[in-house]
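Note sheet for the following structure.
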Protein chains: 2
Amino acid sequence: MNISEAAKLSGLPAKTIRYYESIDLLSPPQRSANGYRHYQKADINYLCFLRQARQFGFNIEQCRLLLDLFKNPQRRSTEVHQLVSDKLEEVDTHIRELGETRDLLAQLVGACANDEKAECAIIDTLAGQQEQGQILGESKQ
Amino acid sequence: MNISEAAKLSGLPAKTIRYYESIDLLSPPQRSANGYRHYQKADINYLCFLRQARQFGFNIEQCRLLLDLFKNPQRRSTEVHQLVSDKLEEVDTHIRELGETRDLLAQLVGACANDEKAECAIIDTLAGQQEQGQILGESKQ
DNA sequence: CTAAGCCTTACAGCAACAGGAAGGTCAAGA
DNA sequence: TCTTGACCTTCCTGTTGCTGTAAGGCTTAG
């Protein structure tokens, strides 16, 4: 099948499939006489695998490792487990950091008068704890 | 003061300061006779403001808007409030999505035997589904 | 014969910088 | 005076994971 059919079956854009090939994440498929890429069932499986892995948040290098494991009948499940555990930790860290940011933003939102005046606690906070009378950005030319 | 001093005081790398200037986030500073950038106190305040805003997760365009408000004594705090509220919502959405990913990853980790055998529920899951929304919990093995 | 709808490659661009090359400037020390 | 090292400058490339667009070739239907 041609690339657009592979794209439809795998759920990945044709562009992305070509891109994965260009970075050697996928091995080059067969080509028809006219130069068109020609995909087979196994290729579709790899593409689906990659789409899923990307949806789970794995980056390209992690996908490369996972795909290698997928293709390797001699793999040990503990290797896969390790990769996914690491990713889980990574995502947890990210969530924690974002949570802190969210709380800070919520504080800002709560502190702002939200009215027609220029005075704004958010601006003051972002500007840093300047001394009174020295709130810059409003002073000087 | 020169750029390295401005960098030290603002907490931003000199590279970043030049970058902000190059994208017109900062207006070009004065130059000394030798061509060196020369910063003043107000510039440092803008830099600090931008560093803070970036730390709060605002992207460059949002920083641009915030900085405009910062510089504008005729601003209404409600405008600032709106920007920050939007950002808060954005971050909340992101956290929710990441949370879903995390839960799915945790399910994968829990489902894997984590041993020396090749059989691996994670691999099966990543390979198995071709339709979205069918990520976990299907029988199939 | 032409138009559409595929396919190909190759280059540009997104965010938000970081790294490095190549070269100019400045202050201090031998 | 010369040299060294620490600054500074601009310009170019690379990062991640694609997406958009251009310019052109192939295929099929009318």
Side-chain angles (χ1 to χ4, degrees), chain A residues 1-40 43 46-67 87 90-91 94 97-98 101, chain B residues 1-26 28-40 43-44 46-67 87 90-91 94 97-98 101:
Chain A
M1 74 191 77
N2 284 344
I3 197 168
S4 67
E5 182 73 5
K8 205 186 325 178
L9 289 181
S10 68
L12 288 173
K15 270 278 189 198
T16 300
I17 297 175
R18 289 197 200 93
Y19 171 67
Y20 286 172
E21 184 189 333
S22 80
I23 59 171
D24 292 319
L25 181 54
L26 290 170
S27 42
Q30 294 176 341
R31 298 276 184 146
S32 313
N34 57 13
Y36 289 13
R37 288 173 180 80
H38 184 67
Y39 294 92
Q40 286 166 330
D43 298 316
Y46 299 152
L47 289 170
C48 288
F49 183 91
L50 288 173
R51 179 180 53 74
Q52 287 276 28
R54 290 287 296 129
Q55 274 186 329
F56 271 92
F58 294 98
N59 66 27
I60 295 291
E61 286 316 305
Q62 292 162 340
C63 285
R64 201 184 295 276
L65 297 174
L66 285 170
L67 190 57
K87 188 70 197 178
E90 202 180 294
V91 170
H94 195 176
E97 290 169 355
L98 269 183
T101 296
Chain B
M1 73 190 79
N2 285 343
I3 197 168
S4 66
E5 182 74 5
K8 203 185 331 176
L9 289 181
S10 67
L12 288 174
K15 272 277 190 198
T16 299
I17 297 174
R18 289 197 199 93
Y19 171 67
Y20 286 172
E21 184 188 333
S22 80
I23 60 171
D24 292 319
L25 181 54
L26 289 170
Q30 294 177 342
R31 298 276 185 146
S32 313
N34 57 14
Y36 289 12
R37 287 172 181 81
H38 184 68
Y39 294 93
Q40 286 167 329
D43 298 315
I44 304 305
Y46 299 152
L47 290 169
C48 288
F49 183 90
L50 288 173
R51 179 180 52 74
Q52 288 274 29
R54 291 288 295 128
Q55 275 185 329
F56 271 90
F58 294 99
N59 66 27
I60 296 291
E61 286 315 306
Q62 292 162 339
C63 285
R64 202 185 295 276
L65 297 174
L66 284 170
L67 189 58
K87 187 71 199 178
E90 201 179 296
V91 170
H94 195 177
E97 291 169 356
L98 270 183
T101 297

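These figures come from a predicted structure and were not determined experimentally. Below, read A as the first sequence line, B as the second, and so on, with proteins coming before strands; counting in each chain starts at 1.
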Chain A reaches DNA chain C, atoms under 4.0 Å from its heavy atoms, from C:dC6 to C:dA10
Restricting to side-chain contact (heavy atoms from CB on, under 4.5 Å), what partner residues turn up for [X], sequence neighbours left out?
X: A:N2; answer: A:Y36
X: B:E21; answer: B:P28, B:P29, B:R31, B:R37, B:Y39
X: B:I60; answer: B:Y20, B:I23, B:L25, B:R54, B:R64

Give, for atom [atom1] of [X] and atom [atom2] of [Y], the distance between the pair rounded to the nearest 0.5 Å.
X: A:L67; Y: A:Q62; atom1: CG; atom2: CD; answer: 13.5 Å
X: B:F58; Y: B:K87; atom1: CZ; atom2: NZ; answer: 6.5 Å
X: A:L47; Y: A:L26; atom1: CG; atom2: CG; answer: 5.5 Å

Do B:S10 side-chain atoms and B:L12 backbone N/O form a donor-acceptor pair below 3.5 Å? yes
How would you list, by chain and number, every residue that makes a ring-ring contact (aromatic ring centres under 6.0 Å, His included) with B:H94, sequence neighbours excluded?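 By the ring-ring contact (aromatic ring centres under 6.0 Å, His included) rule, B:H94 matches A:H94.
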Can you name the ring-ring contact (aromatic ring centres under 6.0 Å, His included) partners of B:F49, sequence neighbours left out? B:F70
So what is the end-to-end bend of the helix from C:dC1-D:dG30 to C:dA30-D:dT1, with 5 pairs used at each end and the value given to 10 degrees?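 One end's axis against the other's: 40°.
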I need the full list of salt bridge (charged side-chain N to carboxylate O under 4.0 Å, His left out) pairs touching residues 6-16 of chain B, with sequence neighbours left out, sorted by first then second residue. B:E5-B:K8
Across nucleotides 9-25 of chain D, 5' to 3', mark each nucleotide with B, S or - according to how protein heavy atoms within less than 4.0 Å reach it. BBB-----BBBBB---B
